[in-house]
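Heads up, the thing below is written out as structure tokens.
Values in this document were obtained by computation on a predicted structure and should not be read as measured data.
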Amino acid sequence: AALFLVLAPGFGVQYVVFPAAVLVATDVRAGIVWGVASGLFIGALYVAFLLPMDLWCSRFAAPFPVFPTVLGFVAWAALAYWTAARIIGRIAQPRDPARQPAAHPS
């Protein structure tokens with residue numbers, strides 16, 4: 001889920017919720033960082049695109065304003081860091097022969 005958002009060529013604001021549950025289930029601290037960073041990004045976007053006559057409605061248009069974009073980059077960078085650390089940790093992890101599946105005789 002995290003790798004999808006890190007590598008995705010396009011983005012919809014609704015996608016920020018996709019890795020949230022997985023992050024919280026695997027690393028609570030990373031889940032909190034992601035939740036706060038992506039929440040600030042989405043909140044800033046909604047405020048930037050508020051319709052003048054309706055407090056509860058936003059109409060998103062491209063390009064995004066600078067401030068929400070910076071917040072979005074911070075959220076993306078946090079997710080990219082977490083994802084890279086997990087991938088590098090998995091590659092660098094020594095293999096434990098006790099955890100290898102037993103070979104079945106043919």
Nearest heavy atoms of Ala48 and Pro65, plus distance in Å: CB-CG, 3.7 Å
Same cluster (ILVMFWY, side-chain, under 4.5 Å), Phe73 and Tyr46: yes
Exceeds 12 heavy-atom contacts within 6.0 angstrom, atom OH of Tyr81: no
Side chain to side chain contact (heavy atoms under 4.5 Å, CB included) assessment of Leu23 paired with Leu79: CA-CA 9 Å; Leu23 282 171; Leu79 192 64; 3.7 Å; yes
Between CG on residue Leu51 and OG on residue Ser58, distance to nearest 0.5 Å: 6.5 Å
Side chain Trp76, main chain Val6, donor-acceptor under 3.5 Å: yes
Transitive ILVMFWY side-chain link Val16 to Val36, under 4.5 Å: yes
Phe64 and Phe41 aromatic ring geometry - parallel, tilted or perpendicular at 30°/60° bounds: tilted
Pair Arg59-Leu50, side chain to side chain contact (heavy atoms under 4.5 Å, CB included): steps then yes or no: CA-CA 7 Å; Arg59 181 159 301 148; Leu50 271 176; over 6 Å; no
Stepwise side chain to side chain contact (heavy atoms under 4.5 Å, CB included) check, Leu7 with Leu3: CA-CA 6 Å; Leu7 298 177; Leu3 189 59; 3.6 Å; yes
Neighbour count >12 (heavy atoms, 6.0 Å) for atom CZ, Phe49: yes
For Gly31 against Val24, the heavy-atom pair lying closest together: CA-CG2, 3.9 Å
Non-hydrogen side-chain atoms of Trp34 and Leu5 separated by less than 4.5 Å: yes
Atom of Ala75, atom of Ser38 and distance for their closest heavy-atom approach: CB-N, 3.9 Å
Linked, directly or transitively: Val74 and Val33 (ILVMFWY side chains, under 4.5 Å): no
Tyr15-Ile42 co-clustered via ILVMFWY side chain contacts under 4.5 Å: yes
Ile32 with Trp82, same ILVMFWY side-chain cluster at under 4.5 Å: yes
